[in-house]
Amino acid sequence: MSNPTIKFKRALRDIFKRNVPADDFVGYEKLVAFIKKRSLQRLDGDVIEIGAFMGGGTVKLAEFASKYGKKVYAIDTFEPGLDQTVSKSGITARAVYDAYLEGRSMWEVYEETTSGFDNIITIREDSRKIKFAREQKFIFGFIDGCHQEAFVTNDFYIVWPHLVSGGVLGLHDYKYHDWPEVTQAVDKLIDRHRDEIGEIHEVQGKYDILSVLLVKK
Ligand SMILES: C[S@@+](CC[C@H](N)C(=O)[O-])C[C@H]1O[C@@H](n2cnc3c(N)ncnc32)[C@H](O)[C@@H]1O
């Protein structure tokens with residue numbers, strides 16, 4: 001494992017004999033900056049994340065949301081082996097998760113990272129089984145779950161009908177050469193919902209991967 005961040009974390013773990021809080025794949029600071037710039041906290045509703053992994057991004061969203069009495073719904077199976085996706089270059093999603101987990105349980109790392117936050121509602125479930133009550137409102141959603149087209153489409157419809165006017169839905173890996181199904185799914189969704197989308201922004205995150213942020217009219 002040549003990733004310097006992982007090496008550093010491993011060194012700290014060896015010294016202190018415990019895990020340090022996990023980071024995220026995305027660069028959630030940029031998402032929080034966008035939320036702040038748009039003052040989304042003034043809108044009525046909560047935050048949702050699909051694909052929480054080790055909880056590194058979840059806590060960044062939760063820290064912001066807690067200042068305004070808002071909850072963060074975090075959806076994930078927390079089971080690396082359940083994601084059967086294979087990237088264009090032949091890498092399995094599971095191999096990516098395992099490389100970062102280094103033998104640890106995803107669920108245990110997530111629990112440790114998110115401990116101490118009372119505004120995170122964790123839903124440990126396949127996103128295909130999730131449906132929110134009609135009255136649920138979201139001000140911000142971020143989708144970074146399974147990277148297959150059918151899942152991205154599924155996850156979009158978990159959030160979009162509940163997103164308030166002026167709210168924002170972000171999708172990670174919108175432009176990343178190795179997950180082309182995300183791009184395909186998002187382009188179709190943008191086309192289908194063009195009349196409901198006020199603005200489209202692209203945000204460059206970690207590893208030069210682009211997320212797309214859709215502002216609802
Ligand atoms: C790329 S990781 C998310 C990374 C996270 N956003 C971050 O930056 O730290 C994708 C996550 O989606 C989850 N996942 C994959 N398929 C899923 C499904 N059908 N339902 C719920 N979660 C799923 C995986 O378990 C994994 O934790």
Side-chain angles (χ1 to χ4, degrees), residues 3 5-6 9 19-32 34-35 47-64 72-88 91-102 104-114 117 120-132 140-159 169-183 185-186 203-213:
N3 184 317
T5 310
I6 292 178
K9 285 186 176 178
N19 292 330
V20 291
D23 204 356
D24 63 86
F25 281 177
V26 173
Y28 279 64
E29 296 79 4
K30 288 201 174 176
L31 304 179
V32 173
F34 194 88
I35 296 171
V47 172
I48 177 169
E49 176 193 37
I50 302 177
F53 193 42
M54 299 192 287
T58 317
V59 296
K60 289 175 190 170
L61 294 173
E63 197 179 348
F64 174 80
V72 175
Y73 288 86
I75 297 168
D76 203 300
T77 57
F78 300 103
E79 285 293 343
L82 290 182
D83 191 340
Q84 306 280 317
T85 315
V86 182
S87 78
K88 195 175 162 191
I91 298 168
T92 62
R94 183 188 185 143
V96 177
Y97 305 149
D98 286 346
Y100 281 83
L101 289 166
E102 298 182 295
R104 296 169 292 163
S105 140
M106 192 196 292
W107 176 243
E108 283 174 20
V109 177
Y110 173 83
E111 275 201 307
E112 185 176 356
T113 307
T114 55
F117 283 86
I120 298 176
I121 314 286
T122 302
I123 305 175
R124 192 177 179 180
E125 188 66 270
D126 188 314
S127 65
R128 287 172 299 186
K129 296 185 181 158
I130 306 295
K131 193 166 170 46
F132 283 90
F140 181 81
F142 193 66
I143 294 174
D144 187 21
C146 178
H147 295 69
Q148 294 174 39
E149 182 168 350
F151 285 81
V152 177
T153 305
N154 171 81
D155 295 352
F156 175 91
Y157 286 110
I158 291 173
V159 184
L169 174 58
L171 298 106
H172 192 232
D173 297 292
Y174 174 50
K175 286 197 183 148
Y176 183 58
H177 65 278
D178 221 15
W179 300 117
E181 288 199 31
V182 177
T183 316
V186 175
V203 176
Q204 190 160 27
K206 285 184 186 168
Y207 316 114
D208 286 338
I209 299 175
L210 282 189
S211 293
V212 65
L213 300 181

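Counting starts at 1 for both ligands and their atoms, following the listed order. One-based numbering along the sequence shown.
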(request) Ignoring hydrogens and angles, tell me if any N or O in the side chain of Glu181 forms a donor-acceptor pair with the backbone of Glu149 under 3.5 Å. (result)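 Yes: the side chain of Glu181 pairs with the backbone of Glu149.
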(request) Mind telling me whether Phe78 and Trp107 have parallel, tilted or perpendicular rings, with 30° and 60° as the class edges? (result)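 Answer is perpendicular, since the angle exceeds 60°.
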(message) Which label fits Phe53 and Tyr100: parallel for a plane angle under 30°, tilted from 30 to 60°, or perpendicular past 60°?
(response)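 The arrangement is perpendicular - the two ring planes meet at more than 60°.
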(request) Establish, from distance only, whether the side-chain atoms of Tyr110 and Thr122 form a donor-acceptor pair under 3.5 Å. (result)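 Yes, a side-chain donor-acceptor pair sits under 3.5 Å.
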(request) Could you list the residues that satisfy side-chain contact (heavy atoms from CB on, under 4.5 Å) with Glu79, not counting sequence neighbours? (result)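 Residues passing side-chain contact (heavy atoms from CB on, under 4.5 Å) with Glu79: Thr77, Leu82, Arg124.
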(request) Evaluate the side chain to side chain donor-acceptor pair (under 3.5 Å) criterion for residues Tyr97 and Asp83: first the C-alpha distance (whole Å), next the side-chain angles of each, then the deciding distance (0.1 Å), finally the verdict. (result) CA-CA 10 Å; Tyr97 305 149; Asp83 191 340; 2.7 Å; yes
(message) Counting only heavy atoms and a distance below 4.0 Å, can you name the residues contacting ligand 1?
(response)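 Residues within 4.0 Å of ligand 1: Asp24, Phe25, Val26, Tyr28, Gly51, Phe53, Asp76, Thr77, Asp83, Tyr97, Met106, Glu125, Asp126, Ser127, Asp144, Gly145, Cys146, His147, Phe151.
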